[in-house]
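Heads up: the structure comes next, in structure tokens.
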Amino acid sequence: MNNLNSQIPQNGFYYFSQGWKLMLEPGLKRYIFMPILINILIIGGAFLYIYTQVSDIVNSALSYLPSWLHWLSYLLWPLILISVLIFFGYFFTTIANIIAAPFNGMLSAKVESMLTNTTADDNSWTNFAKDFARSIQREFQNLAYYIPRLIGILLLFLVPVIGTIVAPILLFLFNAWMMSIQYNDYAFDNNRVSFPIMKQRLQKDRLNNLMFGSMINLVTMIPFVNLIIMPAAVCGGTLQWVKKYRSDFVK
């Protein structure tokens with residue numbers, strides 16, 4: 001494996017950028033095929049629909065503005081547009097991640113073994129089937145944390161002017177945090193670190209994790225590039241686990 005330059009500041013952007021390099025390493029192709037295929041089918045189809053309907057969705061949201069505030073529509077249109085892309089981007093990414101969770105777990109395990117020069121657990125289809133239920137259960141723990149907080153942010157959109165300005169910012173930051181949780185979680189889960197403990201550990205390094213998640217958030221809104229973001233993000237999250245968190249849990 002190519003040496004990763006330890007002199008480069010290892011912040012969220014570093015782990016995100018290195019994830020793209022890691023997924024191209026020899027020996028990983030068979031692990032990234034299924035996540036990319038799932039992403040193409042779900043994210044590709046979803047965004048094809050969204051990009052054809054986004055104007056109607058934004059105009060429908062603006063219709064809730066009182067008539068005396070319609071002059072603000074030119075200012076609010078781009079904010080609502082970004083919010084729509086962020087919301088649907090994370091929504092369909094979540095669906096793709098639920099389906100791809102076992103495959104992403106296998107990819108993360110393989111990347112960790114390559115980075116640590118250790119032998120990975122058996123990644124046979126028998127082991128895959130055994131871990132399938134646990135991987136799906138972990139994804140629903142993620143959703144249980146996400147949905148109530150999302151509803152609170154979405155309710156802000158109903159507040160004229162102030163809510164429409166503040167809610168997109170909060171939505172972006174919250175989804176960035178959730179993206180970081182999502183793609184760090186595969187390595188934590190492989191090492192049997194519970195979801196609450198994983199979340200607490202990431203919170204201690206919240207700024208860098210927000211940076212990591214923000215980069216994923218932004219790329220998820222870019223057509224075609226978003227189709228291959230999943231394995232790159234898994235690799236980046238696994239690299240962060242190895243360099244920053246693994247020593248706290250694996251002796």
Side-chain angles (χ1 to χ4, degrees), residues 16 19-20 23 31-61 78-108 132 135-157 167-186 189 195 209-210 212-237:
F16 174 79
W20 291 91
M23 80 170 186
Y31 295 95
I32 70 173
F33 173 75
M34 283 304 296
I36 289 179
L37 178 60
I38 291 169
N39 236 23
I40 289 173
L41 294 176
I42 296 178
I43 303 296
F47 269 83
L48 180 62
Y49 173 78
I50 291 168
Y51 280 112
T52 61
Q53 301 295 321
V54 68
S55 181
D56 291 339
I57 295 172
V58 174
N59 289 331
S60 176
L79 290 177
I80 295 176
L81 171 62
I82 293 171
S83 298
V84 169
L85 294 179
I86 291 171
F87 173 75
F88 281 102
Y90 187 83
F91 177 78
F92 287 106
T93 296
T94 298
I95 294 175
N97 277 321
I98 291 173
I99 298 172
F103 301 101
N104 286 336
M106 292 172 66
L107 171 61
S108 179
F132 182 84
S135 299
I136 299 300
Q137 182 182 19
R138 186 77 166 210
E139 290 298 319
F140 280 101
Q141 282 184 285
N142 195 326
L143 281 178
Y145 174 77
Y146 175 70
I147 291 175
R149 292 161 178 81
L150 173 66
I151 292 173
I153 294 174
L154 292 180
L155 288 175
L156 277 177
F157 279 97
I169 298 172
L170 291 179
L171 182 62
F172 179 86
L173 292 175
F174 180 57
N175 273 1
W177 172 240
M178 290 305 304
M179 288 288 190
S180 184
I181 286 178
Q182 178 72 68
Y183 289 107
N184 276 288
D185 190 40
Y186 295 111
D189 187 32
F195 184 84
N209 279 295
L210 280 174
F212 177 67
S214 293
M215 295 305 302
I216 300 172
N217 233 359
L218 291 171
V219 172
T220 301
M221 293 187 284
I222 302 174
F224 303 111
V225 182
N226 58 11
L227 301 180
I228 57 174
I229 180 62
M230 185 185 290
V234 172
C235 291

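Only this structure's heavy atoms are used, side chains among them; waters, hydrogens and symmetry mates stay out. Computed from a predicted structure; not experimentally measured.
Annotation for A96 and I42: closest pair CA-CD1, 3.8 Å, computed over non-hydrogen atoms. Of all heavy-atom pairs spanning A100 and M230, the tightest one is CB-SD, 3.7 Å. The shortest heavy-atom contact between A233 and F212 is O-CZ, 3.7 Å. Annotation for N209 and S180: closest pair OD1-OG, 2.9 Å, computed over non-hydrogen atoms. For the pair S135 and D189, the tightest heavy-atom approach, listed with the atom from each and the gap, is CA-OD2, 4.4 Å. Between A176 and N217, the shortest heavy-atom distance links the atoms N-ND2, 3.3 Å.
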Take I136 and I98 through the side chain to side chain contact (heavy atoms under 4.5 Å, CB included) test and state the conclusion after the steps. CA-CA 6 Å; I136 299 300; I98 291 173; 4.2 Å; yes
Derivation of the side chain to side chain contact (heavy atoms under 4.5 Å, CB included) call for M179 and T220: CA-CA 10 Å; M179 288 288 190; T220 301; 3.9 Å; yes
Would I229 and F16 satisfy side chain to side chain contact (heavy atoms under 4.5 Å, CB included), going step by step from the backbone distance to the final call? CA-CA 10 Å; I229 180 62; F16 174 79; 3.7 Å; yes
As a quick check of understanding, evaluate side chain to side chain contact (heavy atoms under 4.5 Å, CB included) for I36 and F103, giving each step before the final call. CA-CA 10 Å; I36 289 179; F103 301 101; over 6 Å; no
With side chain to side chain donor-acceptor pair (under 3.5 Å) as the criterion, how do N142 and D185 come out once you've worked through the C-alpha distance, each side chain's angles and the decisive distance to 0.1 Å? CA-CA 9 Å; N142 195 326; D185 190 40; 5.2 Å; no
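Rounding to the nearest 0.5 angstrom, the gap separating the CD1 atom in I228 from the CE atom in M23 is 4.5 Å. Between the CG atom in N175 and the OG1 atom in T94 there is a gap of 8.0 Å [rounded to 0.5 Å]. Note that CD1 of I95 and CG of L41 are 13.0 Å apart. Values are rounded to the nearest 0.5 Å. Atom CG of residue N226 and atom OG1 of residue T93 lie 7.5 Å apart, to the nearest 0.5 angstrom. Rounded to the nearest 0.5 angstrom, I32 CD1 and M106 CE are separated by 13.5 Å. Atom CE of M178 and atom CD1 of I216 lie 12.0 Å apart (nearest 0.5 Å).
The shortest distance between side-chain heavy atoms of F172 and I153 does not fall below 4.5 Å. Using a 4.5 Å heavy-atom cutoff, the side chains of V234 and P35 are not in contact.
In this pair, F174 and Y146 present their aromatic rings parallel. The plane angle is below 30°, not in the 30 to 60° band.
Each side-chain hydrogen bond (donor to acceptor under 3.5 Å, both in side chains) pair with one or both residues in residues 96-106, not counting sequence neighbours, appears once here: N97-Y183, N97-Y186, N104-Y186.
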